[in-house]
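Here's the structure, in structure tokens; my notes come after.
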Amino acid sequence: MAVLKGIKVSSGVAVGPVVRLDRGIVGLHRIVSDPFRERALYEAAIVLAKDELRRLQQHSQGADADILMFQIALLEDESFTNEIGDYIAAGAGSAAAVERAEKIFAARLNNVDNEYIRQRSVDVRDACRRVVDILDGRPRQKLQLTEPVIIAADLFFPSDIFAIDRDMILGLIADGDSDTSHAAIMSRTMGIPAVFNLGKEATIGLKGREVLLDGLSGTVTSEPTPDDIVAANHRLALFERKNRKQHALARKPCLTRDGTRVALFASASTPEDIENAMHAGADAIGLVRTEQLLLDHATEAQQYFRYISCLAAAAGKTVAVRTGDVGADDAAPWVEDVRRAAENRRLLRTQITALLRAGTRGELYVMLPMITGPEEWDDVMQEVEHCKEHLERRGVEFDKDLEFGCLIEIPAAALVADQIIDHGAKFLAIDIDDLVRYTLAANTKDGSRRYGRADAPAVRRLVNMVCRMAKDRNVPVFMCGVKTNALPAMETYLRDGIHAYCMEAAILNDLKAKFMDLDLNQAPTQEEPDKTLPTA
């Protein structure tokens with residue numbers, strides 16, 4: 001009996017024989033024709049590859065469909081196509097040109113300082129391998145199985161799992177891979193036990209053997225004893241009992257005891273955050289922070305793939321992206337934040353262009369921070385039109401009707417929210433954390449921060465004013481920036497009429513439990529509302 005230790009990817013226990021994926025050798029017996037023929041072969045292969053991916057997508061849903069959407073988007077990407085075209089024009093064969101592009105684009109993602117994005121390089125490799133297999137005339141047949149097995153591989157491409165009957169997969173084990181790969185996401189979504197990163201060529205010797213896959217301990221045991229299996233199942237039972245209550249809450253809609261429906265959104269910085277939010281039961285992603293992209297000087301292509309990844313991780317649910325505000329999380333006075341935002345036109349154009357392109361790939365919305373009034377809103381909308389014209393000239397597909405909303409985080413924006421709506425804002429998001437900070441002068445010159453109450457009278461008056469303006473114009477509004485210390489104040493705003501909130505996924509179910517225990521027909525648990533305040 002041998003025990004291999006890897007990383008825990010998807011909880012569960014499986015026992016069965018191992019079948020290892022063998023992708024064979026590519027690149028044999030290639031003959032390179034003239035560049036015109038090679039370009040024609042490449043373009044035909046792209047059409048066939050996208051057709052195969054779309055057929056797979058028709059039978060997929062949620063995160064699976066979005067993974068395939070990401071791969072189709074890569075094959076349609078202008079910079080990807082140009083990279084291959086240039087290499088073919090220089091005399092390379094079409095298959096070799098795709099392999100070269102695969103290395104370049106996968107390396108770009110691997111160099112991003114984020115584990116989730118780095119793992120998207122596998123999707124690049126998967127899409128490119130499909131095109132190369134078509135060009136090399138290699139069959140793309142699914143693994144033929146006659147009994148349920150544990151699938152092993154050096155690492156998994158998403159299409160490896162798509163191509164196998166789910167009922168035939170007991171579990172997944174891999175020499176490499178990580179817990180943020182698409183294969184990992186798919187295994188958790190499909191409820192398949194999985195252990196990855198067992199070590200180089202670790203699974204080769206397991207082919208044909210019976211193993212015990214323990215997704216809780218992250219181990220794979222060859223030729224397990226009955227006692228090993230009993231112990232693993234006991235650990236699984238304890239784990240499931242411990243998490244049953246939290247999982248049940250995550251699956252339930254947020255309804256107060258009197259039947260009031262409350263939408264709970266999650267904020268995020270990475271696709272990995274979004275995936276965690278989906279598991280926590282978030283109704284949507286209400287705010288995706290993008291400051292790091294700007295600080296890293298991410299290109300249009302890099303940003304585009306980040307937004308596509310966010311949409312894929314959200315599994316079809318709405319994603320609202322906040323355009324870059326590099327001062328959003330520091331202690332600089334808000335006037336400097338506004339001036340900095342006004343000076344970042346070049347960064348804004350790159351980001352807006354990437355967002356317009358990504359808007360064709362899912363339910364994407366964009367919110368603009370640090371808007372002080374309708375004039376600044378109009379300035380940004382003018383930039384949006386410039387970006388649309390630029391994409392039109394390039395012949396690149398984009399969302400002509402991408403909706404933009406305004407983040408209400410400073411008193412100036414709250415006071416003229418009606419004018420911002422009249423100038424085109426399709427929704428409003430009240431950042432309660434920043435609104436408290438700016439309204440109550442919570443910044444000090446030495447950079448420290450003093451926190452006032454989230455429902456302080458001045459703040460609450462501004463919030464209710466914004467809600468009234470939005471309601472009069474039939475524009476949706478939600479509250480974001482909800483932190484742990486502000487949770488007690490959210491009952492006040494719920495009673496005032498705000499029925500949508502956005503916070504970190506880690507505290508989402510804390511607020512859900514609080515709201516589900518409320519009866520809005522009964523007296524509030526806090527002090528009586530100030531009757532002089534307008535209600536939403």
Side-chain angles (χ1 to χ4, degrees), residues 20-57 67-111 118-144 153-164 174-177 181-183 200-201 299 301-302 304-305 308 395-397:
R20 198 169 192 276
L21 290 176
D22 180 12
R23 299 190 180 92
I25 303 173
V26 300
L28 297 177
H29 310 299
R30 287 176 180 167
I31 299 175
V32 179
S33 302
D34 64 86
F36 294 103
R37 177 170 171 74
E38 290 294 334
R39 180 64 188 240
L41 289 171
Y42 162 71
E43 291 176 350
I46 287 291
V47 171
L48 181 54
K50 291 196 297 184
D51 184 58
E52 291 179 355
L53 290 170
R54 290 191 179 104
R55 285 202 301 270
L56 286 172
Q57 193 176 29
I67 291 168
L68 295 166
M69 177 185 70
F70 178 94
Q71 294 191 15
I72 293 170
L74 170 69
L75 299 182
E76 294 176 342
D77 183 70
E78 182 182 23
S79 57
F80 176 81
T81 301
N82 289 342
E83 187 74 45
I84 293 171
D86 291 345
Y87 201 50
I88 290 175
S94 53
V98 175
E99 289 174 336
R100 177 176 178 271
E102 172 191 331
K103 293 178 181 178
I104 292 172
F105 279 74
R108 288 175 183 173
L109 293 179
N110 276 324
N111 290 330
R118 285 198 296 272
Q119 291 303 321
R120 301 290 70 73
S121 64
V122 176
D123 297 310
V124 173
R125 295 178 60 187
D126 193 8
C128 290
R129 287 297 88 188
R130 180 178 296 275
V131 177
V132 170
D133 285 347
I134 293 171
L135 290 167
D136 284 343
R138 288 169 50 84
R140 295 170 302 288
Q141 299 175 350
K142 67 179 183 180
L143 190 64
Q144 299 298 321
D154 53 349
L155 62 81
F156 287 101
F157 291 162
S159 60
D160 293 332
I161 303 173
F162 290 133
I164 302 174
D175 301 334
D177 244 325
S181 69
H182 268 327
K200 186 177 181 181
E201 300 183 346
T299 64
Q302 289 172 329
Y304 171 66
F305 284 119
I308 289 291
V396 177
E397 183 184 13

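For the single chain, residues carry numbers from 1 onward in sequence order.
The side-chain heavy atoms of L135 and E99, taken from C-beta on, include no pair separated by under 4.5 Å. Using a 4.5 Å heavy-atom cutoff, the side chains of R108 and T299 are not in contact. With contacts defined as side-chain heavy-atom distances shorter than 4.5 Å, the pair R130/L75 does not qualify. Side-chain contact between E52 and L56 is absent, with no heavy atoms from C-beta onward closer than 4.5 Å. With a 4.5 Å cut-off on side-chain heavy atoms, P158 and V122 count as touching.
Heavy-atom contacts from other residues, nucleotides or ligands closer than 6.0 Å to CZ of R54 number more than 12.
Atom OG in S94 sits 9.0 Å away from atom CZ in R37 (nearest 0.5 Å). Atom-to-atom distance recorded for L53:CG and L48:CG is 9.5 Å, nearest 0.5 angstrom. A distance of 10.0 Å separates CZ in F80 from CD1 in I104, rounded to the nearest 0.5 Å. Taken from CG in L41 to CD1 in I134, the straight-line distance is 11.5 Å, to the nearest 0.5 Å. Atom OH of Y304 and atom CD of E78 lie 11.5 Å apart (nearest 0.5 Å). Note that the CD1 atom of I164 and the OG atom of S159 stand 9.5 Å from one another [nearest 0.5 Å].
Side-chain atoms of E38 never come within 3.5 Å of backbone atoms of G93 as a donor-acceptor pair (strictly under, hydrogens ignored).
Legend: salt bridge (Lys or Arg N to Asp or Glu O under 4.0 Å) pairs involving residues 88-97, not counting sequence neighbours: none detected.
The heavy-atom pair separating A95 from D136 by the smallest distance is CB-OD1, 3.9 Å. Nearest approach of I88 to A97, heavy atoms of both residues: CG1-CB, 3.7 Å. Smallest separation of non-hydrogen atoms from A96 and R30: N-NH1, 3.9 Å. Of all heavy-atom pairs between V32 and A92, the closest is CG1-C, 4.2 Å. Listed here is the closest heavy atom pair of A106 and S121: O-CB, 3.6 Å. Nearest heavy atoms, K50 versus I72: CD-CG2, 4.2 Å.
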Test side-chain contact (heavy atoms from CB on, under 4.5 Å) on D77 and F305 and set out the steps.
-> CA-CA 10 Å; D77 183 70; F305 284 119; 4.3 Å; yes
Could you please spell out the steps behind the side-chain contact (heavy atoms from CB on, under 4.5 Å) verdict for D154 and R20?
-> CA-CA 9 Å; D154 53 349; R20 198 169 192 276; 4.0 Å; yes
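With respect to the salt-bridge test (charged N to carboxylate O, under 4.0 angstrom), the residues R55 and D51 qualify. Here D160 does not pair with R129 in a salt bridge; the nearest charged N to carboxylate O distance is not below 4.0 Å.
Remark: R39 fails to qualify as a cation-pi partner of Y42 under the 6.0 Å distance and 45° angle criteria applied to the six-membered ring.
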